[in-house]
2 protein chains.
Amino acid sequence: METASDTVREEPLGLRERKKLRTRETIARVALELFAERGFQETTIREIAERADVAPRTVSMYFPVKEELVFTDHGVLFDELERRLESRSADETAADALRAWIVAVLADDQAELDKTRCQRQIIESDHALRTYERGLTERAEQLIAAAVATDLGLPTDDLVPRMVGAATMAALDALADDAVDEDLPPAEYRRRALELVDQAMTFIGAGIRGLQGAA
Amino acid sequence: METASDTVREEPLGLRERKKLRTRETIARVALELFAERGFQETTIREIAERADVAPRTVSMYFPVKEELVFTDHGVLFDELERRLESRSADETAADALRAWIVAVLADDQAELDKTRCQRQIIESDHALRTYERGLTERAEQLIAAAVATDLGLPTDDLVPRMVGAATMAALDALADDAVDEDLPPAEYRRRALELVDQAMTFIGAGIRGLQGAA
DNA sequence: AGCAAGTTTGCAATGCATGCAACTTTTGCT
DNA sequence: AGCAAAAGTTGCATGCATTGCAAACTTGCT
């Protein structure tokens, strides 16, 4: 199967890089543990630093804002989306690239799904985190809007691509809710997720056609 | 024309209430001035308090989070939307109520439009404010989603109403951008705003029908 | 070993947010 | 008017996140 790592050159990491990566992962892991135990607001940077055995300053070094401790992979996931949207071939629509991205990033083993569920429970129990997440999705909306605008030959700031981006991210939100509400095995979760995605794309496609007919 | 005040009983405010209201408005006004002059992050609560001639503690009293100083009316506007959606008559769809709300709340005189433009410039020049705004729109999305779910006989957490809510708010976002980008007179701004809204509703309507046909 | 570059850390300062208690003003009642 | 309760304002103190800066420490390389 195609994954992100297929396209990324794997440099042999030096000791320095490996250590840095390990520190980063340790901090993120213990932070998630603590958030799950006591809640996000109730956990201080200092406590995270203590359990990760680093200085508080180091935590802030790796994660300039506290919220980033929860959304540790959103950045790379969205980078990947951007790459797929921008480097898609001429016969591939934005919708195709988007769907392929979702297929590639969907949690597919139990461990990954468990981590996702843990993150989602933390996020959904804290308003600041939900707000922060909405801020993150803004970027994805814009990426999608830009790609859709290209497909449709519309200006980037046109209403239609923006609505498509927003509706798409609403679908991904619904998908995230599913991840936590249900207690499904990974395969079943994937199936339902793709069902949601296809439903969203049908909606969007019909919306676009409806608007083109009216114009 | 119908406006919010038509349906709200105007109690004769006592001195206490009037004073409170005046203090609140003074704080909000000077805060907006300062934000426009120096920027949001660059202005401290203390400076706002000084110019408003109150204690810093009082500012935090009226506006528990700094961001609220910019979004002073969003709360009541969304209250009004909620009221309109929930108290609509049987023959009025969610879309009807929504459109009526937009017509009622659109800035229609120069002074109001100027204030809106000032707010929007401040918001768009600061990332924290944009994020905060996205958090606020979550509520509106949910109100709309709930009303649309009722109209369509779907569960509240169904994908379709959620996408409709998201797409609708994307349209309002685009509308807000228009308010600042252009230098239009109020009447022209209103006209373009309604054009956008109708375009959004065409998109959404077609999307819903497309999905119903496929189901 | 020893130097240069890159990391981690401690320290200090700033600013937002909040609980609490003291203080002032307004209100309602006699 | 006079007074007591209620409501609003303020000062004080604390906790926490975030950031700049410089010192201390590690690693990579010669």
Side-chain angles (χ1 to χ4, degrees), chain A residues 11-32 34-35 37-72 122 126-133 135, chain B residues 11-32 34-35 37-72 122 126-133 135:
Chain A
E11 305 267 349
L13 299 177
L15 173 56
R16 191 168 267 170
E17 260 71 30
R18 274 177 288 138
K19 209 171 184 177
K20 235 170 97 168
L21 216 57
R22 194 167 52 236
T23 304
R24 185 185 175 81
E25 279 164 5
T26 303
I27 293 173
R29 183 171 42 75
V30 305
L32 218 56
L34 283 166
F35 294 157
E37 286 172 24
R38 315 183 197 175
F40 180 73
Q41 302 286 359
E42 291 71 26
T43 305
T44 69
I45 302 276
R46 189 172 147 277
E47 291 169 327
I48 296 167
E50 273 168 14
R51 196 182 287 199
D53 201 35
V54 293
R57 192 67 182 78
T58 306
V59 175
S60 293
M61 210 72 186
Y62 281 95
F63 303 94
V65 303
K66 196 181 173 189
E67 284 79 6
E68 281 295 315
L69 285 160
V70 179
F71 301 99
T72 44
I122 294 168
D126 185 278
H127 187 262
L129 285 175
R130 284 200 305 274
T131 300
Y132 191 80
E133 182 174 37
Chain B
E11 304 267 347
L13 298 176
L15 172 57
R16 189 170 270 171
E17 260 69 32
R18 273 177 289 139
K19 213 170 183 178
K20 234 170 96 170
L21 217 56
R22 193 165 55 233
T23 304
R24 183 186 177 82
E25 277 165 6
T26 303
I27 294 173
R29 183 171 43 73
V30 305
L32 218 56
L34 284 166
F35 293 156
E37 287 171 23
R38 314 182 197 174
F40 180 72
Q41 301 288 358
E42 292 69 28
T43 305
T44 68
I45 302 274
R46 190 171 148 276
E47 291 169 328
I48 296 167
E50 273 168 13
R51 198 183 285 201
D53 202 35
V54 294
R57 192 67 182 78
T58 306
V59 176
S60 293
M61 209 72 188
Y62 281 95
F63 304 93
V65 303
K66 197 183 174 188
E67 283 79 5
E68 279 295 317
L69 284 160
V70 179
F71 302 98
T72 43
I122 295 168
D126 184 277
H127 186 262
L129 285 175
R130 284 201 305 274
T131 300
Y132 191 80
E133 183 176 36

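Since the structure is predicted, the reported quantities are computational estimates derived from the model, not experimental observations. Side chains are part of it too, since the values below use all heavy atoms of this structure and drop only hydrogens, waters and symmetry mates.
Listed by residue number, B/Met61, B/Tyr62 are the residues of residues 61-70 of chain B with a heavy-atom contact under 4.0 Å to DNA chain D. For the contact set between residues 44-52 of chain A and DNA chain D, defined by any heavy atom under 4.0 Å, the members are A/Thr44, A/Ile45.
Protein chain B touches strand DNA chain C; the 5'-most and 3'-most nucleotides with an atom under 4.0 angstrom of its non-hydrogen atoms are C/dG15 to C/dT27.
A residue-by-residue look at A/Lys20 and B/Arg18 shows that A/Lys20 has its nearest nucleotide of DNA chain C further toward the 5' end. In terms of position on DNA chain D, the residue among B/Ala55 and B/Arg16 whose nearest nucleotide sits closer to the 5' end is B/Arg16.
The CG atom of A/Leu34 sits 12.0 Å away from the CZ atom of A/Phe40 when rounded to the nearest 0.5 Å. With values rounded to the nearest 0.5 angstrom, B/Leu69 atom CG is found 6.0 Å from B/Ile45 atom CD1. Within the model, atoms CD of B/Gln41 and CG of B/Leu129 stand 7.5 Å from one another, a figure rounded to the nearest 0.5 Å. Between A/Ile122 atom CD1 and A/Phe35 atom CZ the span is 7.0 Å, to the nearest 0.5 Å. Distance check: B/Arg51 CZ to B/Thr43 OG1 gives 8.5 Å after rounding to the nearest 0.5 Å. Going from atom CZ of A/Phe63 over to atom CD1 of A/Ile27 covers 6.0 Å, rounded to the nearest 0.5 Å.
If you take CG of A/Leu129 and C1' of D/dA17, they are 14 Å apart, rounded to a whole angstrom. Taking atom CZ on B/Arg57 and atom C1' on D/dC12, their separation rounds to 10 Å, with Å as the unit.
Across all their heavy atoms, B/Ala49 and B/Ala55 have their closest contact at CB-C, 3.8 Å. Closest approach of B/Gly135 to A/Thr131, counting heavy atoms only: CA-CG2, 4.1 Å.
Between A/Lys19 and the phosphate of D/dT27, there is a side-chain N or O to OP1/OP2 separation shorter than 4.0 Å.
Taking A/Glu68 as the reference, A/Tyr132 meet the side chain to side chain donor-acceptor pair (under 3.5 Å) condition, with sequence neighbours excluded. Partners of A/Arg24 under the salt bridge (charged side-chain N to carboxylate O under 4.0 Å, His left out) rule, at least two apart in sequence or in another chain, do not exist in this structure.
Sequence neighbours left out, the pairs with a member in residues 41-50 of chain A that pass salt bridge (Lys or Arg N to Asp or Glu O under 4.0 Å) are A/Arg38-A/Glu47, A/Arg46-A/Glu50.
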